[in-house]
Amino acid sequence: MSVTTRVPAMTRDQFFDWAETQGARYEFDGFQPVAMTGGNLNHNRIAFNIHTALRGRLKGSGCEPFGVDAGVATTGDTVRYPDGVVTCSPANGASRLVPNPVVVFEVISPTSGHVDRIVKVREYAAVDSIRRYVIVESASVGLTMHERQAAGQRWTVTTVMADDLLPLPEIGLEVPVAELYEGVDFPPPAPEAWPPP
């Protein structure tokens with residue numbers, strides 16, 4: 001049986017240097033750049049709402065939220081750019097990576113579902129400091145929380161809906177789910193098709 005081994009096209013540092021010269025946004029899967037396709041306006045509204053909700057509540061706490069241009073190092077040389085990330089460690093403004101991320105948010109787009117729900121669940125689990133990974137739906141209201149108390153533990157998965165509070169005990173917060181969806185306009189549901197009599 002033959003096994004093909006992928007050889008990295010560049011290192012993480014080479015990726016950072018290369019990405020700075022590009023007009024588009026990319027993540028790095030540890031082997032090569034991966035284009036980040038543009039999300040829709042609802043995706044952008046949700047990401048902005050996450051950052052706004054966290055920034056106001058965390059002011060003066062010692063924890064700081066970052067947005068879409070803040071990198072998170074995961075497995076190997078992989079670099080992800082989540083829609084929101086919180087660290088409670090001092091962060092050097094010139095750094096390209098968030099130190100010791102504690103909570104990570106990814107807003108699902110039509111093209112990112114597989115990566116966000118499967119690949120990144122594994123990658124974020126490999127980062128010892130991450131205690132909570134929140135997957136935020138963008139086509140309807142709903143969150144999937146992956147949480148753990150300590151590094152190396154398996155994720156516990158919980159679904160949070162519109163009328164719930166999003167618990168973030170790692171950073172001492174609770175955020176109403178409805179606040180994350182403020183200003184988001186969902187398309188009306190398609191009518192159910194009834195079989196002919």
Side-chain angles (χ1 to χ4, degrees), residues 25 27 36 38-74 79-109 112-113 116-117 120-121 123-151 153-186:
R25 294 180 63 230
E27 287 186 323
M36 296 176 67
N40 59 28
L41 293 182
N42 279 345
H43 183 122
N44 189 271
R45 285 176 179 138
I46 295 166
F48 183 78
N49 289 343
I50 291 167
H51 188 75
T52 300
L54 294 173
R55 185 156 187 81
R57 287 175 172 91
L58 289 173
K59 191 171 184 177
S61 71
C63 296
E64 185 176 10
F66 289 93
V68 296
D69 290 324
V72 172
T74 63
V79 177
R80 298 298 182 182
Y81 291 91
D83 293 292
V85 59
V86 177
T87 182
C88 298
S89 297
N92 178 333
S95 179
R96 293 170 165 160
L97 297 169
V98 175
N100 303 311
V102 177
V103 180
V104 175
F105 293 84
E106 291 282 4
V107 180
I108 297 291
S109 67
S112 71
D116 292 339
R117 294 181 205 277
K120 290 182 182 177
V121 167
E123 288 183 15
Y124 291 142
V127 180
D128 288 345
S129 62
I130 295 177
R131 295 294 179 256
R132 189 169 304 262
Y133 171 37
V134 184
I135 300 173
V136 184
E137 298 297 326
S138 65
S140 62
V141 177
L143 313 173
T144 304
M145 289 190 315
H146 298 261
E147 60 184 305
R148 63 186 178 182
Q149 299 300 312
Q153 288 183 341
R154 295 181 64 86
W155 294 117
T156 299
V157 182
T158 308
T159 302
V160 184
M161 303 307 289
D163 295 329
D164 295 331
L165 290 172
L166 169 62
L168 301 167
E170 305 80 7
I171 54 175
L173 300 182
E174 286 185 330
V175 178
V177 171
E179 192 174 326
L180 304 182
Y181 289 94
E182 186 176 325
V184 176
D185 58 342
F186 297 111

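Keep in mind that the numbers below use all heavy atoms, side chains included, and drop hydrogens, waters and symmetry copies. Keep in mind that this is a model prediction, so the values were computed, not measured.
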side-chain hydrogen bond (donor to acceptor under 3.5 Å, both in side chains) partners of Asp116, counting only residues at least two apart: Ser112, Lys120
Check against side-chain contact (heavy atoms from CB on, under 4.5 Å), Val86 and Arg132: CA-CA 10 Å; Val86 177; Arg132 189 169 304 262; over 6 Å; no
Which atom of Gly183 lies closest to which atom of Arg45, heavy atoms considered: O-CD, 3.3 Å
Other residues, nucleotides, ligands: >12 heavy atoms within 6.0 Å of Asp163 CG: no
Over all atoms of both residues, closest heavy-atom pair of Leu165 and Val160: O-CG1, 3.8 Å
Nearest-0.5 Å distance that lies between atom CE in Met145 and atom OG1 in Thr156: 9.5 Å
Verdict with reasoning, Leu173 to Leu54, per side-chain contact (heavy atoms from CB on, under 4.5 Å): CA-CA 9 Å; Leu173 300 182; Leu54 294 173; 4.0 Å; yes
Interatomic spacing from OH in Tyr181 to CG in Asn49 - rounded to 0.5 Å: 10.0 Å
Val136 and Ile50: CA distance, side-chain angles, deciding distance, side-chain contact (heavy atoms from CB on, under 4.5 Å) verdict: CA-CA 10 Å; Val136 184; Ile50 291 167; 4.1 Å; yes
Pairs satisfying side chain to side chain donor-acceptor pair (under 3.5 Å), at least one member in residues 135-144, at least two apart: Arg117-Glu137
Under 3.5 Å: donor-acceptor pair, side chain of Ser129, backbone of Val102: no
Residue pair Val127 / Pro101: nearest heavy atoms and the distance that separates them: CG1-CG, 4.2 Å
Aromatic plane relationship, His146 with Trp155 - under 30° parallel, 30 to 60° tilted, over 60° perpendicular: perpendicular
Gap between atom CG of Leu41 and atom CD1 of Ile46 - 0.5 Å precision: 11.0 Å
Separation between CZ of Arg148 and OH of Tyr133, rounded to the nearest 0.5 Å: 13.0 Å
Which residues share a side-chain hydrogen bond (donor to acceptor under 3.5 Å, both in side chains) with Tyr124, sequence neighbours left out: Glu106
Extract all donor-acceptor atom pairs below 3.5 Å that involve side chains of residues 61-73 and protein atoms in other chains or at least two apart in sequence.
from  : atom 1 : to    : atom 2 : distance (Å)
Ser61 : OG     : Leu58 : O      : 2.7
Ser61 : OG     : Cys63 : N      : 3.1

Distance, nearest 0.5 Å, that separates CG of Leu166 from CZ of Phe105: 5.5 Å
Asn100: side-chain hydrogen bond (donor to acceptor under 3.5 Å, both in side chains) partners, not counting sequence neighbours: Ser89
From CA spacing to verdict: side-chain contact (heavy atoms from CB on, under 4.5 Å), Leu143, Leu180: CA-CA 10 Å; Leu143 313 173; Leu180 304 182; 4.2 Å; yes
Exercise: identify the closest heavy-atom pair between Gln153 and Gln149: OE1-N, 2.9 Å
Minimum heavy-atom distance Glu170-Arg131, with the two atoms named: CG-CB, 3.3 Å
Counterpart residues, side chain to side chain contact (heavy atoms under 4.5 Å, CB included), relative to Ala162 (two or more places apart): Val141
Within 6.0 Å of CZ in Arg55, more than 12 heavy atoms from elsewhere: no
Minimal non-hydrogen separation, Arg80 against Thr74, with atom names: CG-CG2, 4.1 Å
